[in-house]
Structures are given as C-alpha cells and as structure tokens.
Amino acid sequence: MVLQVAAISAILLNDAPFSLFTSFPVGQTLMYGALGMTVYSGYNYIKNNYLALQLGR
C-alpha cells in the first residue's frame, strides 16, 4: 500500500520534486513496483490458501 500511495502522489504531483533533478519517470516506476508487489501478494495469498478456497465451493 505504501508503494501505491507513493506512486499516486508522485503521478498527481507530476513528479514535481524529482523533475527538478532528473527526467526519470519516478511516478511510473513506483507504479510498476506497486503492480509487482500486488501480483506477488495475490499469488502468495492464493498459494497459501488454496485448500481453503477449494473448500469454500
């Protein structure tokens, strides 16, 4: 969630504090990091709870 908030803040601010020093897309990079962590978290949740999800049918 921290990466998501940081990414959204950077994108809404149009990379304001970082754009003074570099043209690197900080907001976009943070968004990709948040995406990666979200996919990993979802995979980990399904892997650890697969049997409970099957019994819920």
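The structure displayed is predicted, hence computed values, not measured ones.
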What closest approach, in Å, do [X] and [Y] show between heavy atoms, and which atom pair accounts for it?
| X | Y | result |
| --- | --- | --- |
| Leu3 | Leu30 | CD2-CD2, 3.9 Å |
| Gly27 | Asp15 | N-OD1, 2.9 Å |
| Gln4 | Ala34 | CG-CB, 3.8 Å |

In the hydrophobic clustering (ILVMFWY, side-chain contacts below 4.5 Å, transitive), which residues join Leu13, or is it alone?
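Joined to Leu13, directly or through intermediates: none.
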Would you please name every residue forming a side-chain hydrogen bond (donor to acceptor under 3.5 Å, both in side chains) with Asn48, sequence neighbours left out?
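Result, side-chain hydrogen bond (donor to acceptor under 3.5 Å, both in side chains) vs Asn48: Asn44.
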Under the side chain to side chain contact (heavy atoms under 4.5 Å, CB included) test, which residues partner Phe24, sequence neighbours left out?
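Phe24 satisfies side chain to side chain contact (heavy atoms under 4.5 Å, CB included) with Thr22, Val26, Thr29 once adjacent residues are dropped.
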Can you list the steps and then say if Ile11 with Gln28 is a side-chain contact (heavy atoms from CB on, under 4.5 Å)?
CA-CA 7 Å; Ile11 288 172; Gln28 185 177 9; 5.8 Å; no
